[in-house]
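Residue numbering restarts at 1 for every chain, and letters A, B, ... go by the order of the sequence lines. Only heavy atoms go into these numbers, but all of them, side chains included; no hydrogens, no water, no symmetry mates. Keep in mind the model is a prediction, meaning the values are calculated, not measured.
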Amino acid sequence: MAIDSAVLVIGGGLAGLTSALAAARAGGDVRLVSAKQSTLRNASGLVDVLGYAPDGTGPLIDPFEAITSLPEGHPYRTVGVDAVREALALFDEVTDYCGGHTDRNALVPTHGGTVKPTARYPRGVAAGLASDDRDALLVGFESLLDFDAPLAADPLRAAGVPFGVRGVTVGFPGDLRADAKVTRYAKLLDVNDEVGANGRSRAARAALAAAVEPHLDGEPRVGFPAVLGDDRPGEVRRTLGEMLGVDVFEVPTGPPSLPGLRLEDALFAALDAAGASIETGNPVVDFEGEGRVEAVYVEKNGARIPYTADQYVLATGGLVGKGVESDREGVSEPVFDCHVPHPADRYDWFDEDAFGDHAFAGFGLRTDAQLRPLTAEGTVEFDNLRAAGAVLGGYDFPAEKSGSGVSLATGYAAGWAATQEAR
Amino acid sequence: MGSSPHIVVVGGGSTGTGITRDLAMRGFDVTLVEQGNLTHGTTGRMHGLLHSGGRYAVSDRASARECIAENRVLREIAAHCVEMTGGLFVKRPEDGEAYFEGKLDGCRACDIPASVISGEEARAMEPHLARDVEKAITVPDGAVDPFRLVVANAADARDRGARIETHSTVTDLLVEAGEVVGVEVEHEAGPGERVHGVEGGREEIRADHVVNATGAWAGRIGAMAGVDIEVRPSKGVMTVMNVRQVDTVLNRCRPKGDADVIVPHETTVILGTTDEEVDDPEDYPEEQWEVDAVIDTLASLVPMLRDARTIRSFWGVRPLYEPPDVGSDAPTDITRDFFLLDHAERDGLPGLTSIVGGKFTTYRLMAERVADHVCGRFGVDADCRTADVPLPGSEDFSVLRDYMDEFGLRSPVGRRSVERLGSRADDVLDVDGPNPTVCECEAVTRAEIRDAIEGSGSDLNAVRIRTRASMGNCQGGFCCHRMASELHGTYDEPVVREAWDELLAERWKGQRHALWGRQLSQAMLNYALHATTQNRDRDPADAGPVDYAAFDDGPTRAGGPAGADVAADGGQNGN
Ligand SMILES: Cc1cc2nc3c(=O)[nH]c(=O)nc-3n(C[C@H](O)[C@H](O)[C@H](O)COP(=O)(O)OP(=O)(O)OC[C@H]3O[C@@H](n4cnc5c(N)ncnc54)[C@H](O)[C@@H]3O)c2cc1C
Ligand SMILES: Cc1cc2nc3c(=O)[nH]c(=O)nc-3n(C[C@H](O)[C@H](O)[C@H](O)COP(=O)(O)OP(=O)(O)OC[C@H]3O[C@@H](n4cnc5c(N)ncnc54)[C@H](O)[C@@H]3O)c2cc1C
């Protein structure tokens with residue numbers, strides 16, 4: 001007997017989670033299977049909707065307005081701007097993110113010292129926005145290489161931000177190893193253990209505040225790399241803020257990215273609460289069916305277990321998530337072997353410039369209006385298979401700043417439609 | 001040194017830096033001029049094989065003898081640049097028996113230690129070797145790091161009073177009364193080490209003698225004084241794999257041809273190579289077929305290479321030279337020997353000597369010949385000591401201690417750092433403050449990066465070749481910004497940003513030839529890190545002004561500080 005559900009979502013990233021959540025909220029009997037941790041581990045945890053037009057115009061103030069002028073074939077055009085809004089509403093409901101109070105993009109300082117337009121940001125990032133005109137102090141840690149606060153402050157000034165900004169580097173209290181992982185910093189602050197600093201022992205948060213204090217010069221807000229707690233980020237931020245008498249914010253860093261991991265946890269918790277079945281750790285390796293998916297096979301400890309469903313959602317990610325693969329001969333989708341359009345010559349897959357117009361950035365599946373993948377001839381591959389997220393092609397998310405937004409919107413649309421259609 | 005003759009050496013490859021060190025050791029006043037980084041030319045784009053001579057033992061025994069002699073010397077004087085991997089000449093069923101026997105005889109005739117092992121024995125050494133490999137000859141091939149070796153030569157020369165000018169191009173030879181009396185140099189960033197954004201300038205450097213050690217470019221320098229030097233540049237590709245599939249140098253045992261060597265190098269193996277004559281050593285096509293050819297051909301020795309991950313490919317041009325009367329058709333036929341051209345005797349132009357052809361492995365010998373020649377020209381009586389005096393970093397390499405505790409480094413990181421730094425490890429790694437790992441793929445710590453910055457200014461590509469930072473699997477995806485951070489403090493932000501962009505561009509260049517499979521996925525990840533997380537592709541400091549007031553300034557700006565908003569923290573507070 002196969003393991004059966006009305007809707008089976010393959011892939012546990014932003015798209016798969018949103019898809020399963022939308023389906024479960026719509027009353028569907030949903031199961032999600034996922035091989036590994038998702039791209040969120042690497043991503044900044046910001047949810048961009050659209051920061052720049054495909055021709056580079058931007059930063060865009062209103063991403064929703066700009067969606068309507070995207071080219072045909074862009075996933076946002078397929079699902080429409082209403083689906084984007086509904087997906088964000090669901091997202092706002094289940095996470096502790098900000099940005100929903102306005103249609104306007106926010107400009108978030110990056111760890112590289114630029115600002116980036118985004119539509120939703122973790123609450124811990126809120127006090128750092130570049131349109132806020134209060135002066136800011138950025139604080140980096142001596143052995144945490146991914147955020148060099150003085151180097152981040154200088155280009156922000158060069159970019160003309162409307163506030164004064166300085167960067168300082170302090171030693172992180174305690175005796176963390178020189179190459180300790182960010183999770184070690186976060187845990188220390190979560191638990192608030194006693195650490196040794198300047199010859200005496202005190203709680204980690206107080207010790208950190210004491211290290212920063214002498215550098216403050218009246219700035220009402222202070223930014224840290226995104227290591228302020230894993231389980232209790234709000235509490236860590238608040239205590240530090242109270243001790244210093246300032247607003248505390250995080251600058252997204254990674255990988256590994258704590259904001260991304262926190263978001264993943266929040267979405268899994270919401271999905272669990274919505275009553276979906278969740279299985280992680282094992283990949284879908286094969287399927288059965290022609291014109292219609294009859295079953296997929298999950299590999300567990302070397303055995304192949306069949307899973308059946310009425311409707312399937314493919315949310316296995318793009319080149320990074322392993323939902324799109326390539327070799328010297330071509331580009332393919334490994335689970336269902338859906339068609340992935342790409343130039344025949346692999347030297348046409350990329351541009352000469354590191355930040356040029358790379359064809360590979362747009363590799364992925366093309367779909368019909370219902371997000372069903374299409375063959376090379378333009379016919380539907382399988383009647384009951386939809387695709388969502390980075391496995392879709394036709395958009396260059398790093399250039400547009402649209403990654404998480406597309407995953408949310410298409411995940412939402414695919415999950416909702418799958419439930420409607422399931423018997 | 002005021003009264004000693006002043007020699008200008010043009011070319012900062014292995015040959016030029018080797019010559020500079022040798023001349024400095026013999027008491028000359030020397031200036032080295034290089035248009036790019038040290039190793040900018042062929043030396044930075046070669047296969048990294050420390051030849052045993054086995055490769056030339058059939059066709060060119062004079063070269064083979066030189067190779068084995070120099071191989072022995074470099075193991076001593078440059079221990080921290082050499083890894084004695086050992087090498088095999090591997091015979092497949094379709095490779096001729098007579099050639100195999102000839103190779104063995106040749107090695108023995110040239111004093112190259114060689115013995116025959118069976119296919120099984122070879123596979124016991126290298127488990128991924130093809131099942132149908134019949135037998136092999138063992139030889140003392142090794143792997144050599146050209147960057148480290150050249151930097152050590154330059155550093156030692158500088159310690160002995162030489163002036164080293166990188167990013168300085170020789171634009172003309174100064175000729176007066178039929179004699180070369182110096183060079184005209186265009187500095188990219190003023191004399192001394194390179195700093196981005198510093199005004200360059202012209203300089204006339206007068207000299208008692210000029211040595212042209214510009215390899216594939218030698219003809220151009222010659223032309224500046226109207227002499228003909230018939231270099232025949234020939235390009236070759238090298239493809240870098242992401243792991244060490246083999247630990248021994250593998251050579252295909254057949255007459256010299258394309259794609260017949262695999263060299264283990266640090267964490268990678270490098271496949272090579274092709275041999276195609278080109279017109280211009282700086283501008284030649286880098287072609288897809290070459291990459292496919294090395295992978296497909298060498299997969300017959302190590303089948304798993306066919307589907308393995310490559311991280312980048314690069315090309316180099318051989319500075320082949322052939323005396324005017326030979327006229328070989330194919331570049332594979334041109335001798336690998338080196339030639340010292342005494343232009344006084346050859347062209348009636350005193351003041352200039354050129355050195356062309358040769359190999360990396362024999363760089364020291366080439367330098368010795370040139371220095372002997374210059375000594376003869378000035379009547380200086382000084383013996384060559386470069387075969388005996390170790391390079392900085394290799395002086396006391398036998399005393400490997402437990403650096404892990406000593407420098408607070410985790411063990412694999414500590415071991416790699418010490419291997420790279422050799423006897424300089426103490427000086428470089430003994431720093432105040434934490435010493436985190438900047439480049440995880442290659443295990444390069446902050447202290448090594450800072451040491452390299454001290455030696456090379458704001459040029460992150462020079463830091464890269466000195467340390468190997470950003471040269472591993474992720475090709476700089478995770479560490480370019482960290483390397484840039486280390487510049488900050490010494491250099492201003494605009495300098496840092498320019499150096500950073502330049503490093504990103506350089507890293508991208510070689511990866512383009514490896515963009516499929518997992519490396520394409522890596523490229524997408526890097527692109528996302530740099531363009532999405534960092535928004536470097538649309539840096540607002542480079543683009544036009546931003547209307548900050550038009551954007552969201554936060555949810556609670558009106559109501560109060562966002563960080564203190566207790567209720568909004570949801571369940572994440574945990575208590
Ligand atoms: C470095 C980086 C930074 C980014 N920064 C931002 C940002 O600042 N803002 C933004 O909006 N977006 C950002 N993005 C983009 C965004 O994170 C992604 O577009 C989005 O997370 C993709 O979600 P996904 O669910 O489509 O795919 P993924 O997150 O890749 O998820 C795919 C899932 O499918 C699973 N899977 C794959 N194959 C199988 C199989 N055969 N069987 C079962 N499961 C399988 C994988 O294990 C994984 O869990 C960034 C991306 C990267 C890489
Ligand atoms: C594909 C390939 C693989 C190889 N593999 C090996 C190997 O495994 N083992 C081995 O022993 N040998 C190998 N070789 C050979 C070896 O790399 C070269 O023989 C050696 O590096 C040449 O060094 P060089 O200093 O003479 O030349 P280069 O390294 O080219 O140095 C010449 C320098 O002159 C500079 N220059 C040129 N014009 C000017 C100017 N106008 N002003 C200032 N500077 C100027 C250039 O920038 C350059 O840096 C290989 C060669 C190739 C092409």
Modelled atom types, side-chain donor and acceptor of A:D154 and B:H488, under 3.5 Å: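 Short answer, yes.
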
Determine whether [X] and [Y] make a side-chain contact, defined as any pair of heavy atoms from C-beta on separated by less than 4.5 Å.
X      : Y      : value
A:L145 : B:R446 : yes
B:P555 : A:Y121 : yes
A:H111 : B:H481 : yes

Given heavy-atom pairs under 4.5 angstrom as the criterion, report whether the side chain, backbone, both or neither of [X] touches chain B.
X      : result
A:L129 : side chain
A:L60  : backbone
A:A399 : both
A:E325 : neither
A:E329 : neither
A:D175 : neither
A:F147 : neither
A:V331 : neither

With respect to chain A, which residue among [options] yields the maximal number of heavy-atom pairs within a distance under 4.5 Å?
options                : result
B:D501, B:I295, B:D547 : B:I295
B:A541, B:G433, B:P436 : B:P436
B:C479, B:S485, B:A505 : B:S485
B:N526, B:V546, B:L529 : B:L529
B:N535, B:T532, B:D537 : B:N535

Option among B:L515, B:D292, B:L520 that satisfies the side-chain contact (heavy atoms from CB on, under 4.5 Å) test with A:R346: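 One option only clears the test, and that one is B:D292.
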
ring-ring contact (aromatic ring centres under 6.0 Å, His included) partners of residues 501-527 of chain B, not counting sequence neighbours, each pair once: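 Found A:Y347-B:H513, A:H358-B:W508, A:H358-B:Y527, B:W315-B:H513.
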
Report the option among [options] that has the most heavy-atom pairs separated by less than 4.5 Å from atoms of chain B.
options                        : result
A:A361, A:G124, A:P252, A:G140 : A:A361
A:A130, A:G318, A:S402, A:G241 : A:A130
A:P155, A:G229, A:G330, A:G56  : A:P155
A:V125, A:D190, A:V115         : A:V115
A:D62, A:L107, A:V320, A:V108  : A:L107
A:G112, A:P150, A:C98          : A:P150

Just by modelled atom types, is the [Y] backbone N or O under 3.5 Å from a matching donor or acceptor in the [X] side chain?
X      : Y      : answer
A:S326 : B:G517 : yes
A:K401 : B:T533 : no
A:S131 : B:Y548 : yes

Test side chain to side chain contact (heavy atoms under 4.5 Å, CB included) applied to A:N42 and B:L525, step by step: CA-CA 8 Å; A:N42 290 322; B:L525 176 61; 3.7 Å; yes

Verdict with supporting geometry, A:R134 and B:D553, side chain to side chain contact (heavy atoms under 4.5 Å, CB included): CA-CA 11 Å; A:R134 295 174 298 160; B:D553 63 354; over 6 Å; no

Residue B:A549 versus chain A: region with a heavy atom under 4.5 Å: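 For B:A549, backbone heavy atoms alone lie under 4.5 Å from chain A.
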
Region of B:R309 that comes under 4.5 Å of a non-hydrogen atom in chain A: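 No part of B:R309 comes within 4.5 Å of chain A.
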
Would you compute the distance between atom [atom1] of [X] and atom [atom2] of [Y] and round it to the nearest 0.5 angstrom?
X      : Y      : atom1 : atom2 : answer
A:K116 : B:R536 : NZ    : CZ    : 14.5 Å
A:S44  : B:Q534 : OG    : CD    : 11.0 Å
A:D353 : B:R512 : CG    : CZ    : 9.0 Å
A:R328 : B:Q288 : CZ    : CD    : 9.5 Å
B:L487 : A:L151 : CG    : CG    : 9.0 Å
B:S521 : A:F363 : OG    : CZ    : 11.0 Å

B:R538 charged N/C atom sitting above A:Y52 aromatic ring, 6.0 Å / 45°: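 Yes, B:R538 and A:Y52 form such a contact.
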
Closest non-hydrogen atom pair, A:T114 against B:P540: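 Reported closest heavy-atom pair: CB-CD, 3.7 Å.
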
Toward chain A: residues of residues 490-498 of chain B with heavy atoms under 4.5 Å: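 So far as heavy atoms go, B:E493, B:V496, B:R497 are the residues that approach chain A to under 4.5 Å.
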
B:H530 vs A:F355, side chain to side chain contact (heavy atoms under 4.5 Å, CB included): CA-CA, chis, key distance, verdict: CA-CA 9 Å; B:H530 299 148; A:F355 293 126; 3.7 Å; yes

Steps toward side chain to side chain contact (heavy atoms under 4.5 Å, CB included) verdict (A:D146, B:F478): CA-CA 9 Å; A:D146 284 326; B:F478 288 57; over 6 Å; no

Residues that B:A469 engages under side-chain contact (heavy atoms from CB on, under 4.5 Å), provided they are two or more places apart: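 Residues passing side-chain contact (heavy atoms from CB on, under 4.5 Å) with B:A469: B:C439, B:V444, B:I449, B:T467, B:M483.
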
Sequence neighbours excluded, every pair satisfying side-chain hydrogen bond (donor to acceptor under 3.5 Å, both in side chains) that has a member inside residues 98-107 of chain A: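 Qualifying pairs: A:R85-A:D103, A:H101-B:D552, A:T102-A:R104.
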
